[in-house]
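On a predicted model such as this, the values are computed, not experimentally measured, just so you know.
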Amino acid sequence: MTGDILKIMYITAKKTYSTLSFDNGEKLVVSANYPKEKNLSAFSEIDFEQCLSENLTFHLQFGMDSALNYLSYCDRTEEQIRSFLKKKNIPNEIIEAIMLKLKSYHYADDERYATLYTESAKLSTKGKRLIAAKLKQKGIDDDTIITALEHYSENDERSSAQEWIDRQYRSLSQYPPSLRKEKIMKQLIAKGYPHALIVDILQSYDDDNSEYNAYYEKLIDKKLLLLKAKGLSEQIIKQKLMAHFRPKGAPSELICERIQKILH
């Protein structure tokens, strides 16, 4: 925007900087004293290129300090740092200069970030698909994601899923095996594990639901009474109960028994 003359619509003053908002919708951060030194106020006109030039040193220092403070809390991706600096209204060319310096110090390193994120995600039992999706959301490119996931082998993923299933199978012991598997399947899919892998592991777990008749009985009775209250015929009630509870592992004999007891 060389030579552009822009009108300042308003000035936001902070302790260490000020922000100029222009009539074209753009904003620019400047040193705290700059508006006073240049006698600027709302509706003042200014040469944008000259303003950039006069605040170059400030932009570099302010941007670097902001970036380092942002990085002090946790590791960030390059895209996250750029986005953060843009929100600070720092010019794009200054942002790129800052990024080069941060990379030279290894403060901005997407390969390192992706590797560390993958290792952490493995420990918190996340599947490769979810890890890849999360890294993509954070602005990591596909090649870097693929390289990071090379540290997460198929055996590692299987072991991670197996360990998580073992814990969940015990904690969900109040549910019949078929319902436990249904819940675990949904949870592991959400955690990014492949469907085929989950099915394969779950096949080794017991499917005997016979000792859980008392559990199913309460659920069947509750739903049966709701359907009865709607005035549905016995045949329709049976169809709906079978469709709802058979996939969950309830025996057909139990469903028929509860219908007979409650409707007759």
Side-chain angles (χ1 to χ4, degrees), residues 1-121 130-148:
M1 290 190 294
T2 305
D4 283 356
I5 303 299
L6 300 181
K7 181 183 291 185
I8 298 172
M9 300 309 293
Y10 54 91
I11 300 172
T12 304
K14 299 289 185 179
K15 185 175 180 180
T16 58
Y17 66 92
S18 293
T19 302
L20 308 181
S21 298
F22 299 105
D23 56 349
N24 67 348
E26 291 201 43
K27 294 182 179 181
L28 182 66
V29 64
V30 296
S31 63
N33 296 327
Y34 186 77
K36 184 177 181 180
E37 292 172 356
K38 297 297 180 178
N39 196 28
L40 300 176
S41 61
F43 306 115
S44 294
E45 293 187 340
I46 189 171
D47 185 311
F48 189 84
E49 192 66 27
Q50 181 179 344
C51 179
L52 284 177
S53 177
E54 291 172 342
N55 283 277
L56 176 60
T57 301
F58 167 78
H59 285 152
L60 287 167
Q61 188 62 56
F62 177 75
M64 182 59 75
D65 289 345
S66 298
L68 292 175
N69 182 62
Y70 184 56
L71 287 164
S72 68
Y73 296 99
C74 63
D75 287 332
R76 314 281 186 174
T77 67
E78 294 174 26
E79 181 60 30
Q80 287 175 323
I81 299 170
R82 283 191 175 90
S83 179
F84 173 77
L85 293 177
K86 285 179 182 177
K87 290 178 181 178
K88 290 289 185 180
N89 300 307
I90 297 171
N92 288 334
E93 57 269 30
I94 301 299
I95 292 176
E96 291 311 311
I98 292 169
M99 292 304 301
L100 285 174
K101 186 166 289 190
L102 290 173
K103 288 180 183 180
S104 71
Y105 296 150
H106 299 290
Y107 291 151
D109 187 336
D110 278 357
E111 290 184 7
R112 175 176 174 274
Y113 181 96
T115 299
L116 292 176
Y117 183 91
T118 300
E119 290 299 323
S120 176
L130 182 60
I131 294 172
K134 291 292 186 182
L135 289 174
K136 191 73 173 177
Q137 290 174 6
K138 295 173 183 293
I140 304 294
D141 65 77
D142 292 340
D143 288 342
T144 302
I145 292 173
I146 291 171
T147 299

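Residue Q80 comes nearest to R76 through the heavy atom pair OE1-CA, 3.4 Å, listed as atom of the first residue, atom of the second, then distance. A pairwise comparison of heavy atoms in V30 and C51 identifies CG1-SG, 3.9 Å as the closest pair. Of all the heavy atoms in I145 and K136, the pair that sits closest is CD1-N, 3.7 Å. Heavy atoms only, all atoms of each residue included: G63 and I90 are closest at CA-CD1, 3.4 Å. Scanning all heavy atoms of the two residues, the minimum distance from I98 to L60 falls at CD1-O, 4.2 Å. Annotation for D110 and E78: closest pair OD1-N, 2.9 Å, computed over non-hydrogen atoms.
Atoms CD and CG, on E93 and L56 in that order, are 9.0 Å from each other to the nearest 0.5 Å. Once rounded to the nearest 0.5 Å, the distance linking NZ of K27 with NZ of K86 reads 16.0 Å. For the atom pair S66 OG and L71 CG, the distance stands at 11.0 Å (nearest 0.5 Å). Annotation: the span from M64 atom CE to H59 atom NE2 amounts to 14.5 Å, rounded to 0.5 Å. To the nearest 0.5 angstrom, F48 atom CZ is 7.5 Å from N24 atom CG.
The closest side-chain donor-acceptor pair between D65 and Q61 falls under 3.5 angstrom.
In this structure, K38 and I46 have side chains that are not in contact, with every pair of non-hydrogen atoms separated by 4.5 Å or more. A heavy-atom distance below 4.5 Å is not found between the side chains of I94 and L85. Using a 4.5 Å cut-off on side-chain heavy atoms (C-beta onward), L135 and T144 make no contact. Between L68 and L102 the shortest side-chain heavy-atom distance falls below 4.5 Å.
Here the side chain of S72 pairs a donor or acceptor atom with the backbone of N69 at under 3.5 angstrom. With S120 contributing its side chain and L116 its backbone, the two residues share no donor-acceptor pair below 3.5 Å. Looking only at distances, no side-chain donor or acceptor of N55 sits under 3.5 Å from a matching main-chain atom of V29. Without hydrogens or angle criteria, S83 side chain to E79 main chain gives no donor-acceptor distance under 3.5 Å. When atom types are taken as modelled, the side chain of T77 and the backbone of K138 share a donor-acceptor pair closer than 3.5 angstrom. Under the 3.5 Å distance criterion, the side-chain polar atoms of T115 are matched with a main-chain donor or acceptor of E111.
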Please set out all donor-acceptor pairs under 3.5 angstrom arising from side-chain atoms of residues 5-21, sequence neighbours excluded.
residue, atom, partner, partner atom, Å
S18, OG, A32, O, 3.4

Apply side chain to side chain contact (heavy atoms under 4.5 Å, CB included) to residues Y117 and I140 and explain how you reach the verdict.
CA-CA 11 Å; Y117 183 91; I140 304 294; over 6 Å; no

What do the steps show when you test R112 against H106 for side chain to side chain contact (heavy atoms under 4.5 Å, CB included), and what is the final call?
CA-CA 9 Å; R112 175 176 174 274; H106 299 290; 5.8 Å; no

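Under the rule for a salt bridge (Lys or Arg N to Asp or Glu O under 4.0 Å), E45 has no partner lying at least two apart in sequence or in another chain.
Residue pairs meeting the ring pair (Phe, Tyr, Trp, His ring centres under 6.0 Å) criterion with at least one member in residues 71-100, sequence neighbours excluded, are Y70-F84.
Y34 has its ring centre no less than 6.0 Å from the ring centre of F58.
For N39, the CG atom counts as loosely surrounded, since its 6.0 Å shell holds 12 or fewer non-hydrogen atoms of other residues, nucleotides or ligands.
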